[in-house]
Amino acid sequence: MSKKRPKLDSDDRIKIHACLERRMNVTAIAKELGFNKSTISRELWRNLIEKKAKVTTCPIRDRLIVCNTCKKKGLCGKMKRYYNYKEAEIRTMNRRISSRSKPKLNGEAIKLIDEIVSEGVRLGQSLHHIYQSDKTLASLCSERTIRRYVYRGILGVKRHQLRRYVRFKHSQHQVNQVFPVKDIRVLLNRTFKDFNRHVASNKRQNIVEFDSVVGKREDRQAILTLTFKKYNFQFGLLIKKGNSDSFVKTAFPICLCDNGTEFARFHEIELNSLGEQLLRTFFTTPYRSTDKASCERNHGLVRYVFPKGISLNSLTQEMVDDAFSNINSYIRESKGNQTPYDLVRAKFGQSFLDKINIKRIPNKKVKLLSVI
């Protein structure tokens, strides 16, 4: 039995987009992603965005495959082709949905089902009651198929006519949100899928999750938080809100951040002044807080001290250090009734805690109340 051919997912399309921005050809892209050349070529031709024009030939476009990086595209009157991973994902999902949404039953069978179901719904009956009451329906299809036909509008009965439909929340398919990074090339080998793959082969390395805590929308400063996932330890630094120049040089092997504007240059911390790679940086999936759950869970404690909707402009670094000293001295049941402070001190030593100005607060004096 032959193996099932793997399909491209949203992360793969992001990589294709990033490779095209780096002016890589189909052969190089296929090698980078580990797919066959025909798979990459088919993906491009299926999902290219074309802008028609009278002149269709262009040697520059044919060499670069797309016009994404062409310097003359603003003034060019020739036919253009663009590739965007977001549009490619939408088109792919629409093709999959449309190919599976067509009913397999013939018109006469659907008409018979419609008559039986419509009569039952008119009398206030549920689909289950209608299906169990008429053996003809069981010979044609399953109850689930009838419900699917109602939801898709194939039958005359509308979904809101079902007695209990409006009482429950119905999940609708949503395409993955777009990455807000300015330069998509930085996502190459830095997506959350790459993160999971890297962690699986480097299980003993420490993971540090980066995020920011904001107060009001008009605030000038925010708190950059660094979370040691393994120990639930977190400390914070005051930064200029949304400023990509405020990122921190670290020495931790695996760093994970979200897609905020303050992390637009986050990938630059990988290299030292000599161009040598010191660590790896990765980005989470857009609008998916579960990708760095430890960080988000600790933010619940941070909000005890810095509530939402309260301005952070009056904060000083000393106030932030004191707040995180109390948070890290808070006993955690999940860590065997130990504090994050004690776990980190045992691992990295007292000198590390002294450098980041985090102190041990006695258990009975831990205070998690608003300071502003």
Side-chain angles (χ1 to χ4, degrees), residues 5-37 39-40 43-44 47 68 83-89 92-93 175-212 226-230 244 247-272 275-296:
R5 186 171 60 186
K7 294 182 179 179
L8 294 170
D9 58 17
S10 58
D11 282 350
D12 294 325
R13 292 187 176 88
I14 290 171
K15 289 184 178 181
I16 291 174
H17 191 165
C19 289
L20 291 172
E21 293 289 335
R22 291 189 176 185
R23 299 192 171 196
M24 297 169 64
N25 58 27
V26 173
T27 303
I29 296 173
K31 185 178 180 180
E32 177 70 31
L33 272 69
F35 282 90
N36 194 284
K37 285 173 58 177
T39 302
I40 304 301
E43 165 67 18
L44 292 174
N47 298 316
N68 291 38
Y83 182 86
N84 181 276
Y85 75 92
K86 176 71 172 178
E87 180 64 25
E89 184 73 6
T92 302
M93 295 308 302
V175 179
N176 292 334
Q177 296 286 345
V178 65
F179 276 93
V181 294
K182 293 182 179 180
D183 189 355
I184 196 171
R185 291 176 294 180
V186 305
L187 295 178
L188 191 60
N189 298 323
R190 293 190 181 95
T191 64
F192 192 68
K193 185 177 180 180
D194 299 317
F195 167 78
N196 288 329
R197 190 183 299 114
H198 183 75
V199 170
S201 58
N202 299 274
K203 296 181 179 180
R204 297 180 64 86
Q205 292 186 350
N206 283 303
I207 301 171
V208 178
E209 299 174 349
F210 290 71
D211 202 353
S212 57
L226 290 81
T227 307
F228 294 76
K229 180 180 179 180
K230 188 175 180 179
S244 60
F247 59 85
V248 180
K249 289 288 183 181
T250 70
F252 306 110
I254 305 177
C255 301
L256 180 68
C257 71
D258 60 19
N259 302 276
T261 55
E262 65 272 25
F263 298 115
R265 297 175 55 200
F266 186 67
H267 62 285
E268 295 179 10
I269 70 174
E270 289 185 344
L271 307 178
N272 61 13
E276 300 171 340
Q277 187 167 34
L278 300 176
L279 49 92
R280 291 294 306 275
T281 59
F282 301 92
F283 294 87
T284 61
T285 308
Y287 306 103
R288 190 176 296 174
S289 59
T290 53
D291 285 357
K292 45 183 180 61
S294 298
C295 178
E296 298 294 344

**Student:** What distance separates Glu43 CD from Lys7 NZ, expressed to the nearest 0.5 Å?
**Tutor:** 12.5 Å
**Student:** Measure across Ile254 and Val199 and return the closest heavy-atom pair with its distance rounded to 0.1 Å.
**Tutor:** CD1-CG2, 4.2 Å
**Student:** List the atom of Phe210, the atom of Lys292, and the distance in Å for their closest heavy-atom pair.
**Tutor:** O-CE, 3.7 Å
**Student:** Do Arg13 and Leu8 have side chains that get closer than 4.5 Å, going by heavy atoms?
**Tutor:** yes
**Student:** Mind checking the CG-CZ spacing from Asn259 to Phe266? Nearest 0.5 Å is all I need.
**Tutor:** 11.5 Å
**Student:** Between Glu270 and Thr281, do the side chains contain a donor N or O and an acceptor N or O under 3.5 Å apart?
**Tutor:** yes
**Student:** Does any part of the side chain of Phe192, heavy atoms only, come nearer than 4.5 Å to the side chain of Leu256, both counted from C-beta?
**Tutor:** yes
**Student:** Which heavy-atom pair separates Thr191 from Asp194 by the least distance, and what is that distance?
**Tutor:** OG1-OD2, 2.9 Å
**Student:** Which residues satisfy the side-chain hydrogen bond (donor to acceptor under 3.5 Å, both in side chains) test with Lys193, sequence neighbours excluded?
**Tutor:** Asp9
**Student:** Can you check whether Phe252 reaches Leu279 side chain to side chain, under 4.5 Å on heavy atoms?
**Tutor:** no
**Student:** For Lys37 and Thr27, run side-chain contact (heavy atoms from CB on, under 4.5 Å): C-alpha distance rounded to whole Å, both residues' side-chain angles, the deciding distance at 0.1 Å, then the answer.
**Tutor:** CA-CA 6 Å; Lys37 285 173 58 177; Thr27 303; 3.4 Å; yes
**Student:** Calculate, to the nearest 0.5 Å, the distance between atoms CZ and SG belonging to Arg190 and Cys255 respectively.
**Tutor:** 11.5 Å
**Student:** To the nearest 0.5 Å, what is the distance between OG1 on Thr284 and CG on Asp258?
**Tutor:** 5.5 Å
**Student:** What closest approach, in Å, do Gln277 and Leu271 show between heavy atoms, and which atom pair accounts for it?
**Tutor:** CA-CD2, 3.6 Å
**Student:** Considering residues at least two apart in sequence or located in another chain, which fulfil the side-chain contact (heavy atoms from CB on, under 4.5 Å) criterion with Ala293?
**Tutor:** none
**Student:** Quick one: side-chain hydrogen bond (donor to acceptor under 3.5 Å, both in side chains) partners of Asn68, sequence neighbours excluded?
**Tutor:** Glu21
**Student:** With rounding to the nearest 0.5 Å, note down the distance linking OG in Ser289 to CG in Asp211.
**Tutor:** 9.5 Å
**Student:** Considering all heavy atoms of both residues, which atom of Pro253 and which atom of Gln205 are nearest to each other, and what is their separation?
**Tutor:** CB-OE1, 3.5 Å
**Student:** Can you tell me which residue among Leu188, Ile29, Asp11 is in a side-chain contact (heavy atoms from CB on, under 4.5 Å) with Ile16?
**Tutor:** Ile29
**Student:** Mind listing the closest non-hydrogen atom pair of Ile14 and Ile184 along with its distance?
**Tutor:** O-CD1, 4.2 Å
**Student:** Restricting to side-chain hydrogen bond (donor to acceptor under 3.5 Å, both in side chains), what partner residues turn up for Glu276, sequence neighbours left out?
**Tutor:** Asn272
**Student:** Using the test ring-ring contact (aromatic ring centres under 6.0 Å, His included), find all partners of His267 that sit at least two apart in sequence or belong to another chain.
**Tutor:** none
**Student:** Got a sec, which residues hit side-chain hydrogen bond (donor to acceptor under 3.5 Å, both in side chains) with Arg280, two or more places apart in sequence or on another chain?
**Tutor:** none
**Student:** Between Phe283 and Phe263 (judged by ring centroids, cut-off 6.0 Å), do the two rings come close enough to count as a pair?
**Tutor:** no
**Student:** Is it true that Lys15 and Asp12 have a side-chain N and a carboxylate O under 4.0 angstrom from each other?
**Tutor:** no
**Student:** If you measure from CD1 on Ile40 to SG on Cys19, what distance do you get to the nearest 0.5 Å?
**Tutor:** 8.5 Å
